[in-house]
Amino acid sequence: AQDKLEKIEFPEGGDVTFSYNGNKVIIENSSQSYKSELTLDNKGRVIKFKAIEFSGDLYVNQECEYDERGNLIKLISKDYSSGNYDDIVKEYVYDDNPNPYYHAYKKLYDSTLYNEFTSGITNFFFKGYCPNNIINYEKGVIRFEYEYGENGFPVKRIRDNEPDINITYY
């Protein structure tokens, strides 16, 4: 067994299937009108995401850039309709401390990550996608500060100068 996610079935009906071909992961959700295609780099990180309507039309087209530590630093959503719109670029800045969600989910990283990306790439807050903690999102639109414990993991997060969450470890 390769420990790769193959299928998720829902009690109310429907399923999500995952297939693998070289550096591509194809995700088909029976409740959606499109299939998702992830292209991976040689480190297993998603570098491209496409959602393709079953009619063959491109629905979503995204590209990713990473820093040397493996953090997603730029997410580019390309216009997939008329070509008359500018790309939407989201940029992220990180601290140097470990993201507890990334480290907690590392064993099941690929499977959980691919399932999160069935509708597009997201990199919000504590998703566990990157090894470090986001401190700046959308060029300063959202800012995070952290207080860290002895192990270097965050114990408190402050979002836009307001207390956000507290984290306890054992």
Side-chain angles (χ1 to χ4, degrees), residues 1-12 16 18 20 23 25 27 29 31-32 36-51 60-78 87-170:
Q2 296 181 26
D3 294 329
K4 290 185 176 181
L5 186 60
E6 184 177 351
K7 188 173 193 176
I8 299 172
E9 294 179 277
F10 303 102
E12 63 276 0
V16 179
F18 301 80
Y20 306 86
N23 70 335
V25 179
I27 305 165
N29 185 330
S31 68
Q32 295 174 333
S36 303
E37 178 183 288
L38 305 176
T39 303
L40 312 177
D41 68 7
N42 61 358
K43 295 181 180 178
R45 301 176 300 197
V46 177
I47 54 173
K48 291 184 181 177
F49 170 86
K50 291 182 181 179
V60 176
N61 187 11
Q62 296 176 309
E63 295 181 4
C64 302
E65 294 179 18
Y66 298 86
D67 65 15
E68 66 282 350
R69 298 178 298 174
N71 294 306
L72 174 64
I73 56 172
K74 189 179 282 188
L75 175 60
I76 304 163
S77 297
K78 300 194 170 279
D87 292 347
I88 298 169
V89 178
K90 295 181 180 179
E91 295 180 330
Y92 307 90
V93 179
Y94 300 83
D95 64 10
D96 293 324
N97 292 76
N99 176 343
Y101 291 91
Y102 175 83
H103 294 279
Y105 295 128
K106 197 163 188 172
K107 183 175 181 183
L108 297 174
Y109 180 72
D110 291 343
S111 296
T112 57
L113 173 67
Y114 301 156
N115 191 43
E116 286 286 322
F117 286 177
T118 57
S119 299
I121 298 170
T122 59
N123 188 28
F124 296 111
F125 319 125
F126 276 114
K127 284 282 191 180
Y129 181 50
C130 296
N132 301 107
N133 303 292
I134 295 174
I135 57 174
N136 195 321
Y137 167 67
E138 288 288 318
K139 296 184 179 180
V141 171
I142 300 174
R143 294 180 180 272
F144 298 102
E145 296 175 42
Y146 300 90
E147 292 179 17
Y148 304 97
E150 293 177 13
N151 61 3
F153 286 100
V155 294
K156 181 185 236 180
R157 182 177 74 184
I158 300 164
R159 177 180 173 174
D160 295 327
N161 297 318
E162 295 292 326
D164 189 28
I165 61 172
N166 294 317
I167 305 169
T168 304
Y169 305 90
Y170 70 96

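Scope of the values below: all heavy atoms of this structure, side chains included, with no hydrogens, waters or symmetry mates.
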Is there a donor-acceptor contact under 3.5 Å from the side chain of N97 to the main chain of G152?
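Yes, because the side chain of N97 sits within donor-acceptor range (under 3.5 Å) of the backbone of G152.
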Main chain of V89, side chain of D87: is a donor-acceptor contact present, judged purely on distance under 3.5 Å?
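Absent.
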With [X] via side-chain hydrogen bond (donor to acceptor under 3.5 Å, both in side chains) - residues at least two apart:
| X | answer |
| --- | --- |
| D95 | N133, Y148 |
| N166 | none |
| D41 | R45 |

Please name the pair of heavy atoms, one in [X] and one in [Y], separated by the smallest distance, quoted to 0.1 Å.
| X | Y | value |
| --- | --- | --- |
| P98 | P154 | O-CD, 3.4 Å |
| L75 | C64 | CD1-SG, 4.0 Å |
| F153 | N151 | N-OD1, 2.8 Å |
| Y94 | N132 | CD2-O, 3.5 Å |

Please report the interatomic distance [atom1]([X]) to [atom2]([Y]), rounded to the nearest 0.5 Å.
| X | Y | atom1 | atom2 | value |
| --- | --- | --- | --- | --- |
| N61 | K50 | CG | NZ | 5.5 Å |
| K48 | L38 | NZ | CG | 12.5 Å |
| L72 | I134 | CG | CD1 | 8.0 Å |
| I165 | R157 | CD1 | CZ | 4.0 Å |
| I27 | E37 | CD1 | CD | 10.0 Å |
| F18 | I8 | CZ | CD1 | 4.5 Å |

Apply side chain to side chain contact (heavy atoms under 4.5 Å, CB included) to R159 and F144, showing your working.
CA-CA 5 Å; R159 177 180 173 174; F144 298 102; 3.7 Å; yes
Would you say CD of E65 has more than 12 non-hydrogen atoms from neighbouring residues, nucleotides or ligands within 6.0 angstrom?
yes
Salt bridge (Lys or Arg N to Asp or Glu O under 4.0 Å) partners of E145, counting only residues at least two apart
none
Please enumerate all residues that pass salt bridge (Lys or Arg N to Asp or Glu O under 4.0 Å) together with K156, with sequence neighbours excluded.
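K156 satisfies salt bridge (Lys or Arg N to Asp or Glu O under 4.0 Å) with no other residue.
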Does [X] reach the side chain of [Y], with side-chain heavy atoms less than 4.5 Å apart?
| X | Y | answer |
| --- | --- | --- |
| V25 | Y20 | yes |
| F49 | S36 | yes |
| N99 | P131 | no |
| Q62 | V46 | no |

Not counting sequence neighbours, which residues clear ring pair (Phe, Tyr, Trp, His ring centres under 6.0 Å) with F10? List them please.
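Residues passing ring pair (Phe, Tyr, Trp, His ring centres under 6.0 Å) with F10: none at all.
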